[in-house]
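Report on the following structure.
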Amino acid sequence: MKKDFIAVLETAVQRLGVTEIPPIEVEVPPQENFGDLSTPVAMALARVLRKPPRHVAETIAGFIADEPIFDRVDVAGPGFINVAFAGEYLVSEFKKIAESGSAFLRSNIGQGRRVQVEFVSANPTGPLHLGHGRGGATGNALANLLTAAGYHVEREYYINDAGRQIRLLGQSVFARYQRLLGIEYGFPDEGYRGQYVEDIARDMIAEFDGTYVQKAFDEVADFFIDYSYKKILSSIRDDLRDFGISFDSWQSEREMFDCGEVGRAIEDLRAKGFIYEKEDATWFRASAFGDDKDRVIIKKDGEYTYFTSDIAYHRKKIEKNYDEIIDIWGADHHGYIPRIQAVIQALGYPKEKLKILLVQMVTLLRGGKPVQMSKRAGEFVTLREVMEEVGADTTKFIFLTRRPDSHLEFDLEVAKAQSAENPVFYVQYAHARITSIFSHAREKGIERDALAHADVRLLSHHDELRIMKKLLTYPMVFEGAVKTHEPHRITFYVQELSGMFHQYYNKCRIVTEERGPTLARLALCEGVRTVLRDGLEILGITAPERM
RNA sequence: GCGCCUGUAGCUCAGUCGGAUAGAGCAACUGCCUUCUAAGCAGUGGGUCAGGGGUUCGAAUCCCUUCAGGCGCGCCA
């Protein structure tokens with residue numbers, strides 16, 4: 001629909017004698033009675049042509065008014081050109097959806113380009129909380145969206161299984177283990193105090209009894225660390241699976257060390273002249289690329305920092321030659337951006353090579369009161385608890401009805417109270433209703449195959465044309481969502497389409513005694529179902545057959 | 001102190017890189033189930049787009065500033 005409009009506009013603009021045709025923008029006007037599509041192109045050209053916008057608009061409108069695909073061409077407001085499409089054109093376009101389904105709806109923007117999306121990447125030192133859920137829902141939807149757009153997407157989870165935090169976890173479990181076996185043992189100052197730490201210690205006792213009692217931590221450190229983080233990692237995987245999120249690749253930080261990636265990265269940067277020694281430490285010259293200061297990569301004590309392995313990790317990403325690399329981070333890490341971009345540039349790439357998408361914080365409330373979310377103190381509500389309380393689909397939907405950069409207040413009470421009234425059900429209900437209509441039709445002797453013979457020209461009701469037009473704008477919404485990396489646009493679209501369908505359903509009966517019109521209406525329903533399914537699939541939300 | 005994000009209806013949020021009379025859902029109120037699912041539909045009310053300047057044909061959107069909230073500014077991860 002959009003393509004045809006633009007093509008017509010382009011020839012019209014050429015007739016104006018404009019040498020350089022500006023990119024022509026097309027949008028759905030804010031009010032339905034303005035028409036089906038609208039363009040502000042005349043206003044853009046007014047400046048170049050030095051003529052009043054309305055005058056330019058009138059001229060263009062005159063050029064295109066006779067096109068058979070239009071029913072009406074108007075000039076409105078300050079100089080918009082609004083068009084209403086002819087019924088026949090709409091029907092022929094709609095047929096393409098009926099015939100080729102999603103293929104017609106999704107433009108192949110990616111063309112097989114390879115993109116990596118890294119998201120969640122929570123430290124395996126404790127269970128996933130709600131913030132990870134938001135990152136997960138967003139990253140998953142974005143990856144789905146890009147896949148649908150013809151990109152070849154790899155989803156990666158980076159596991160921080162090395163370093164101080166993971167050691168602290170092992171130590172915390174060790175302390176609990178000793179205590180549970182009746183040994184007085186001091187708990188590490190900044191240790192992890194969550195209940196899950198004690199649970200892991202109990203698991204160890206169940207498995208190994210008192211084998212490690214009264215040993216020094218250093219003697220059994222590796223064992224305790226490995227046992228603990230692997231246990232947590234596996235429950236993280238379970239949480240993600242139940243939340244409906246999967247990954248293609250799990251990149252271990254440890255492996256970066258073991259395979260020598262970290263060493264190679266440092267040597268690479270050193271060869272390029274961005275590494276120096278100062279005050280017994282080794283530094284990366286981040287300030288050469290706009291960061292506030294240089295950063296330590298090898299500490300005085302000889303240990304690497306977290307940043308060091310991250311340098312190696314991002315170097316590895318770049319070497320894999322993706323066309324696009326996307327990291328999804330919690331907004332609390334935003335201060336880290338200049339540093340990592342400095343790395344990208346030091347390696348000889350433009351900083352745009354890596355796109356970092358920040359997902360804002362989630363504050364969890366219960367009845368209007370903030371719930372403390374301190375991991376160290378062990379006081380927090382996990383993603384799993386929320387999932388179990390309000391449901392995975394609802395939780396995801398709440399995340400996906402917001403822009404990633406807006407702060408989110410997630411009130412458990414409200415989410416629960418609203419779970420019966422949640423908009424996600426509104427959309428799912430529309431889908432289930434259509435399925436139900438089809439099973440009713442089958443009882444009346446109308447099989448799915450019969451749809452192929454449906455004469456969609458019989459659809460002339462205002463609501464039917466309205467739905468058809470809405471379906472035909474899906475590719476525009478889809479394209480916009482892909483280009484801006486904003487899956488939430490799909491969420492809003494899918495709600496609007498569901499609204500139109502529910503209205504239509506209440507106004508018109510689909511299955512009647514007249515076979516011809518019944519088939520046509522069923523074909524329309526099938527179109528709605530195709531698009532709803534497509535949208536929900538991108539969002540990672542189930543499309544139930546019945547509710 | 002510096003930096004990033006946010007401020008739109010009572011509440012939760014959209015607003016398509018400057019466009020038309022600023023939109024949804026929830027909550028409130030009034031109606032609609034002998035016919036394909038009432039998790040639905042029809043209708044009513046609700047706004048100083050945080051405040052103030054500026055840029056121009058035109059601003060919720062861009063610039064400056066004030067206020068409010070969140071988050072960062074480690075040889076932690």
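The sequence lines fix the lettering, A, B, ..., with proteins before strands; numbering per chain opens at 1. All values derive from a computational prediction rather than experimental measurement.
Residue A:Arg134 contributes atom CZ, which lies 15 Å from atom P of B:rC5 at whole-angstrom precision. A:Arg164 has its CZ atom 11 Å from the C1' atom of B:rC75, to the nearest Å.
When the C1' atom is compared between B:rU35 and B:rG47, the two are found 43 Å apart, to the nearest whole Å. B:rA20 and B:rU65 are spaced 31 Å apart, taking the C1' atom of each and rounding to whole Å. With C1' as the reference atom, B:rU6 and B:rA60 are 14 Å apart, rounded to whole Å. When the C1' atom is used for both B:rA24 and B:rG18, the distance is 24 Å, rounded to whole Å.
The side-chain contact (heavy atoms from CB on, under 4.5 Å) check on A:Leu233 picks up A:Pro124, A:Ile159, A:Tyr229, A:Arg237, A:Trp250, with sequence neighbours excluded. Every residue was checked against the ring pair (Phe, Tyr, Trp, His ring centres under 6.0 Å) condition with A:Phe34, not counting sequence neighbours, and none meets it.
Within a 6.0 Å radius of NZ in A:Lys299, more than 12 heavy atoms belonging to other residues, nucleotides or ligands are found.
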Restricting both atoms to N or O, compile the protein contacts to nucleotides 1-3 of chain B shorter than 3.5 Å, with distance only.
from: B:rG3; atom 1: N2; to: A:His334; atom 2: NE2; distance (Å): 2.5

Polar atom pairs (N or O), protein with nucleotides 15-20 of chain B, under 3.5 Å:
from: B:rG15; atom 1: OP1; to: A:His488; atom 2: NE2; distance (Å): 3.2
from: B:rG15; atom 1: OP2; to: A:Arg403; atom 2: NH1; distance (Å): 3.3
from: B:rU16; atom 1: O4; to: A:Val28; atom 2: O; distance (Å): 3.4
from: B:rA20; atom 1: N6; to: A:Ser38; atom 2: OG; distance (Å): 2.7
from: B:rA20; atom 1: N6; to: A:Asn82; atom 2: OD1; distance (Å): 3.2
from: B:rA20; atom 1: N1; to: A:Asn82; atom 2: OD1; distance (Å): 3.3
from: B:rA20; atom 1: N1; to: A:Asn82; atom 2: ND2; distance (Å): 2.9

Tabulate protein N/O versus nucleotide N/O from nucleotides 60-63 of chain B, keeping only pairs under 3.5 Å, one per line.
none

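Comparing atom distances between the A:Thr305 side chain and each of B:rC75, B:rC41, B:rC71 picks out B:rC75 as nearest. Nearest to the side chain of A:Tyr505, among B:rC75, B:rC36, B:rC41, sits B:rC36.
The aromatic rings of A:Phe257 and A:Tyr304 sit tilted relative to each other, their planes meeting at an angle between 30° and 60°.
The salt bridge (charged side-chain N to carboxylate O under 4.0 Å, His left out) pairs that include a residue from residues 482-501 of chain A are A:Lys470-A:Glu496, A:Glu479-A:Lys483, A:Glu486-A:Arg489, where partners are two or more places apart or lie in different chains.
Checked by atom type and distance alone, the side chain of A:Tyr196 pairs as donor or acceptor with a backbone atom of A:Thr125 at under 3.5 Å.
Taking 90° from 0 as the syn/anti boundary, the base of B:rC33 is oriented syn.
Annotation: cation-pi pair A:Arg529/A:Phe438 present, NZ/CZ under 6.0 Å from the ring centroid and within 45° of its normal.
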